[in-house]
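Notes for the one structure printed next.
So you know, we letter chains A, B, ... as the sequences are listed, proteins then strands, and number each from 1.
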Amino acid sequence: MKKKTDKYSFFENVYEVVKLIPKGRATSYGAIAKYLGAARSARMVGYALNSCFAHADKIPAHRVVNRNGMLTGKHHFPDEYPMDEALRKEGIKVKDDKIVDFKAVFWDPSIELSL
DNA sequence: AATGTGACATACC
DNA sequence: TGGTATGCCACAT
């Protein structure tokens with residue numbers, strides 16, 4: 001329900017999409033940005049996730065990686081819960097901070113959510 | 001309003 | 001493979 005603002009922040013949108021990512025899947029910043037209608041705001045997606053820890057809800061930010069499937073954001077995760085470990089627990093294989101067979105687990109919101 | 005920022009994407013070397 | 005440079009855009013200050 002909307003109050004004063006008709007639209008939520010771009011961040012809120014990012015959080016919503018990330019939370020919709022199925023277990024064992026992963027997507028890219030660019031894909032999310034595109035789905036939100038701002039394909040050139042991939043940086044904003046990462047920016048948003050940077051604040052995800054401050055966000056009230058739990059954001060599976062570990063399911064969001066860059067275009068190469070590389071865990072570029074792992075350095076931003078808490079040491080107690082590394083990004084690659086989180087992914088492994090969901091069945092995603094990670095090697096050298098990169099998702100193995102990324103395209104196999106790739107989850108594109110602009111496709112999956114439009115079915 | 002202006003400036004700084006960045007977990008990207010792409011290009012180039 | 002990795003460093004540098006540029007474009008890009010929404011948010012923070």
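- Atom NZ of A:K34 is separated from atom P of C:dC8 by 18 Å (rounded to the nearest Å).
- Within 6.0 Å of atom CZ in A:R25, more than 12 heavy atoms from other residues, nucleotides or ligands are found, so the atom counts as buried in its surroundings.
- The 12-atom threshold is not exceeded at CZ of A:R40, counting heavy atoms of other residues, nucleotides or ligands nearer than 6.0 Å.
- At a threshold of 4.0 angstrom between heavy atoms, the contacts of A:A61 include nucleobase atoms, whether or not backbone atoms are also involved.
- Which of C:dC8, C:dC9, B:dA7 sits closest to the side chain of A:R43 comes down to C:dC8.
- Between the NE2 atom of A:H75 and the P atom of B:dC8 there is a distance of 11 Å, rounded to whole Å.
- Distance A:N68 CG to B:dT10 C1': 11 Å, rounded to the nearest Å.
- Within 4.0 Å (heavy atoms only), A:F77 reaches at least one base atom of the nucleic acid.
- Considering only side-chain atoms of A:R40, the nucleotide from B:dA7, C:dC8, C:dC11 that sits closest is C:dC8.
- For the pair A:R67 CZ and B:dT10 P, the interatomic distance rounds to 6 Å; values are reported in whole Å.
- A salt bridge is defined here as a Lys NZ or Arg NE, NH1 or NH2 lying under 4.0 Å from an Asp or Glu carboxylate O, and A:E16 with A:K19 meets this definition.
- Across all strands, A:N50 comes closer than 4.0 Å to base atoms (heavy-atom distances).
- Just one of A:V94, A:L71, A:T72 meets the side-chain contact (heavy atoms from CB on, under 4.5 Å) condition when paired with A:V65; it is A:L71.
- Listed candidates were B:dA7, B:dA9, C:dC11. Nearest to the side chain of A:N66 is B:dA9.
- Regarding contacts with the backbone of C:dA10, every side-chain N or O of A:S9 stays at 4.0 angstrom or more from both OP1 and OP2.
- For A:Y81 and B:dA7, the OH to P distance is 22 Å, given to the nearest whole Å.
- As rounded to whole Å, 16 Å separates atom P of C:dC8 from atom CZ of A:F10.
- Distance check: A:I21 CD1 to A:I59 CD1 gives 10.0 Å after rounding to the nearest 0.5 Å.
- Counting to the nearest Å, the P atom of C:dC11 and the NE2 atom of A:H55 are 13 Å from each other.
- As rounded to whole Å, 12 Å separates atom C1' of C:dA10 from atom CG of A:N13.
- Base contact: A:Y29 has a heavy atom under 4.0 Å from a base atom.
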